[in-house]
Amino acid sequence: MTETYVVIGASLAGARAVETLRADGFDGRVVLVGAEHRLPYDRPPLSKEVLTGQKDPDETRIHPAKFYSDNEIELLLGTRATRIDAHGRRVELVGGQTIDADKVLICTGVTPRRPEIPGIGLDGVYYLRTVDDAISIREQIGSQSSVVILGGGLIGMELAASARACGAAVTVLERDGGVLRRVLATTIGERLARMHMGCGVEIRMNARIDAIEGDGHVRRIRMADGSVVEADLVLVGIGATPAVDIAEASGIEVDNGIVVDEFCATSMPNVYAAGDVTNHPNRTAGGRVRLEHWQNAQNQGIAAAHSMVGRGAPYHDVPWFWSDQGETNIQVAGCPHRADRVVWRGDPDSLEFSAFHLKEGVLVGAVGINKRRDVRMAMSLIDKQMRPDAVMLSDPAVDLRQVCRETAGTGEVRV
């Protein structure tokens with residue numbers, strides 16, 4: 001009898017999973033369920049090229065429409081799955097319909113965190129998660145706009161750079177004492193803050209908001225210190241939470257995401273999960289971790305599909321992500337926060353340097369500012385838990401390929 005595999009979440013992870021199921025030779029029924037009405041698309045361009053009008057939304061599609069019909073992948077878009085009944089082997093949908101399912105993959109991703117601030121529901125307050133969000137924001141930003149961004153993390157600073165590129169006056173309100181501190185060292189965050197301020201972005205640290213005010217539409221933000229920040233548009237970028245509703249409703253184990261093993265399997269038989277929503281074991285992180293990274297979503301979606309068809313292998317990618325902020329490219333590999341020492345390669349006061357993060361001599365992370373190649377080359381050393389020579393790492397005159405060769409030659413691997 002023909003089996004049916006259902007993938008919940010028409011995301012990057014979901015799209016790569018259905019692609020892999022067919023590539024692995026699965027010839028049963030494949031159903032891709034997505035809450036949005038759009039074909040699966042890449043999200044990184046939303047805060048950059050789509051927001052600034054450099055890229056049409058349709059250009060973000062992961063596959064053209066013909067791919068799904070050619071591969072006999074059924075699309076249920078604009079549909080939300082609510083529960084998985086493993087015993088009855090079915091997925092329940094909003095409205096009471098069900099889909100027979102022998103195996104299920106959950107790729108529901110994350111949802112933007114919504115702060116409890118008076119006035120947060122006014123018109124003109126936006127969250128960026130979908131293509132439609134990006135289009136709506138783009139239509140509101142103009143050269144005379146006053147844009148206030150809540151949050152100085154990666155998404156907040158990407159939005160700041162894009163809004164400035166559109167000619168808007170931009171103010172970033174960050175509760176912490178510095179921007180980008182959750183993902184980068186304080187020194188790097190401070191350097192990037194100066195870069196943004198040099199481009200005309202106003203950044204307020206230790207910012208506390210009393211209320212968002214307006215006349216139906218946002219007009220201003222009243223701060224706890226009594227000051228007022230004028231705003232035509234407020235963009236909220238204070239992080240995201242894993243979309244675990246369907247897992248909780250189905251009795252699947254949840255702990256800061258859907259808990260999976262190294263084969264992407266959940267606590268429910270024949271149910272898997274991949275992407276931003278998962279809490280998975282990662283040897284680079286030294287334990288369990290939930291990653292909101294493009295690479296993880298893609299590769300874990302592929303790994304989960306392999307597991308579904310019986311070709312699974314332990315998933316253990318080195319975490320890696322990037323952020324484009326204006327003309328500046330930031331790349332991060334591994335888990336820099338685990339380090340007890342940072343080795344700088346290049347001038348940290350410039351906008352072209354790398355920072356290698358060591359823990360007891362083992363390379364656990366790398367950050368590159370306009371240094372893509374350095375980070376990519378470091379990933380192999382991070383994966384193998386190697387102990388590179390710090391003096392060689394810090395010397396820009398020494399080719400990193402030589403560092404890799406000599407480190408690999410020592411055989412110094414931390415067990």
Side-chain angles (χ1 to χ4, degrees), residues 5-26 30 32 40 42-44 62 84 103-110 242-244 246-247 252-322 331-338 363-366 375-376 378-386 413-415:
Y5 289 1
V6 176
V7 177
I8 302 171
S11 57
L12 172 63
R16 293 303 183 206
V18 296
E19 173 188 343
T20 304
L21 289 174
R22 289 306 190 211
D24 278 352
F26 178 69
V30 175
L32 179 60
D42 267 332
R43 296 188 190 275
I62 297 166
I84 300 165
K103 292 184 181 180
V104 179
L105 172 61
I106 305 172
C107 304
T108 45
V110 295
V244 297
I246 189 169
I252 295 171
E253 183 181 359
V254 170
D255 181 10
N256 182 31
I258 299 174
V259 176
V260 299
D261 65 15
E262 65 270 30
F263 295 97
C264 308
T266 72
S267 61
M268 180 176 284
N270 297 316
V271 178
Y272 302 78
D276 296 4
V277 76
T278 65
N279 179 332
H280 67 274
N282 186 288
R283 70 185 184 196
T284 302
R288 287 192 161 274
V289 67
R290 188 176 65 80
L291 302 173
E292 297 174 20
H293 302 165
W294 183 93
Q295 175 187 264
N296 179 68
Q298 170 173 266
N299 293 352
Q300 198 174 32
I302 292 170
H306 288 325
S307 292
M308 293 172 78
V309 298
R311 298 180 58 185
Y315 174 75
H316 60 258
D317 274 16
V318 172
W320 170 80
F321 68 89
W322 82 95
Q331 302 226 359
V332 180
C335 299
H337 65 275
R338 297 183 62 205
L363 187 64
V364 295
V375 175
R376 298 301 292 181
M379 289 181 71
S380 175
L381 297 178
I382 295 171
D383 185 40
K384 296 173 183 175
Q385 299 179 308
M386 303 297 282
V413 182
R414 185 184 183 192
V415 180

Novice: side-chain contact (heavy atoms from CB on, under 4.5 Å), that's the test. Do Val18 and Arg22 meet it? Break it down for me.
Specialist: CA-CA 7 Å; Val18 296; Arg22 289 306 190 211; over 6 Å; no
Novice: Run the side-chain contact (heavy atoms from CB on, under 4.5 Å) test on Val277 and Cys107 for me, step by step, so that the C-alpha distance in whole Å, both residues' side-chain angles and the decisive distance to 0.1 Å come before the verdict.
Specialist: CA-CA 7 Å; Val277 76; Cys107 304; over 6 Å; no
Novice: Going from CG on Leu21 to CZ on Arg16, what distance comes out if it is rounded to the nearest 0.5 angstrom?
Specialist: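 Result: 13.5 Å between the selected atoms.
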Novice: Considering only heavy atoms from C-beta outward, does the side chain of Val364 approach that of Cys335 to under 4.5 Å?
Specialist: no
Novice: Can you find a pair of side-chain heavy atoms, one from Trp322 and one from His293, that are under 4.5 Å apart?
Specialist: no
Novice: Run the salt-bridge test on Asp383 and Arg283 with the 4.0 Å N-O cut-off and return the result as yes or no.
Specialist: yes
Novice: Do the non-hydrogen side-chain atoms of Val289 and Pro319 ever get within less than 4.5 Å of each other?
Specialist: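 Counting from C-beta outward, Val289 and Pro319 never come under 4.5 Å.
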Novice: Atom CG of Leu363 and atom CE of Met386: how far apart are they, to the nearest 0.5 Å?
Specialist: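 If I round to the nearest 0.5 Å, the distance is 10.5 Å.
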Novice: If you measure only the distance, is there a donor-acceptor pair under 3.5 Å linking the side chains of Asn279 and Arg290?
Specialist: no
Novice: Within this structure, what is the CD1-CG distance for the pair Ile62 and Asp42, rounded to the nearest 0.5 Å?
Specialist: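 Going from CD1 on Ile62 over to CG on Asp42, the span is 5.0 Å.
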Novice: Val375 and Ala333: which non-hydrogen atoms are nearest, and at how many Å?
Specialist: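 Taking Val375 first and Ala333 second, the nearest heavy atoms are CG1-CB, 3.6 Å.
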Novice: Scan residues 303-314 for pairs that pass side chain to side chain donor-acceptor pair (under 3.5 Å), counting only residues two or more places apart or in two chains.
Specialist: Asp24-His306, Asp24-Arg311
Novice: Can the ring centroids of Phe263 and Tyr315 be said to lie less than 6.0 angstrom from one another?
Specialist: no
Novice: For Thr266 and Glu253, run side-chain hydrogen bond (donor to acceptor under 3.5 Å, both in side chains): C-alpha distance rounded to whole Å, both residues' side-chain angles, the deciding distance at 0.1 Å, then the answer.
Specialist: CA-CA 7 Å; Thr266 72; Glu253 183 181 359; over 6 Å; no
Novice: So how far is it from Glu292 CD to Phe321 CZ, rounded to the nearest 0.5 Å?
Specialist: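 That separation rounds to 10.5 Å.
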Novice: Going by heavy atoms in the side chains, are Ile246 and Ile84 under 4.5 Å from each other?
Specialist: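 Counting from C-beta outward, Ile246 and Ile84 do come under 4.5 Å.
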Novice: In a check of side-chain contact (heavy atoms from CB on, under 4.5 Å) between His280 and each of Asp261, Val259, Asn296, which one passes?
Specialist: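 Of Asp261, Val259, Asn296, side-chain contact (heavy atoms from CB on, under 4.5 Å) with His280 is met by Asn296 alone.
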Novice: Would you check if Val271 and Ile252 make a side-chain contact, meaning some heavy-atom pair closer than 4.5 Å?
Specialist: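 Val271 vs Ile252: side chains touch.
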Novice: Heavy atoms only: give me the nearest Ala274-Ala304 pair and the separation to one decimal.
Specialist: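 The pair with the smallest heavy-atom distance is CB-CB, 4.1 Å.
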Novice: Taking the side chain as every heavy atom from C-beta outward, state whether Tyr272 and Met308 have any pair of such atoms under 4.5 Å apart.
Specialist: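 A side-chain contact exists here, since the closest heavy-atom pair is under 4.5 Å.
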Novice: Any side-chain heavy atom of Gln300 sitting closer than 4.5 Å to one from Thr278?
Specialist: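 Counting from C-beta outward, Gln300 and Thr278 do come under 4.5 Å.
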Novice: How many angstroms lie between CG in Asp276 and CD1 in Ile258, if you round to the nearest 0.5 Å?
Specialist: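 Going from CG on Asp276 over to CD1 on Ile258, the span is 11.5 Å.
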Novice: Determine the interplanar angle of the Phe26 and Tyr5 rings, folded into 0 to 90°, and report it as parallel if under 30°, tilted if 30 to 60°, perpendicular if over 60°.
Specialist: parallel
Novice: Could you tell me whether the side chain of Thr108 reaches within less than 4.5 Å of the side chain of Ser11, counting heavy atoms only?
Specialist: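 Not in contact.
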Novice: Between CD1 of Ile8 and CD1 of Ile106, what distance do you get to the nearest 0.5 Å?
Specialist: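 If we round to the nearest 0.5 Å, Ile8:CD1 and Ile106:CD1 are 5.5 Å apart.
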Novice: Of all heavy-atom pairs between Ala366 and Ile382, which one has the smallest distance, and what is that distance?
Specialist: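 Residues Ala366 and Ile382, closest heavy atoms: N-CD1, 4.0 Å.
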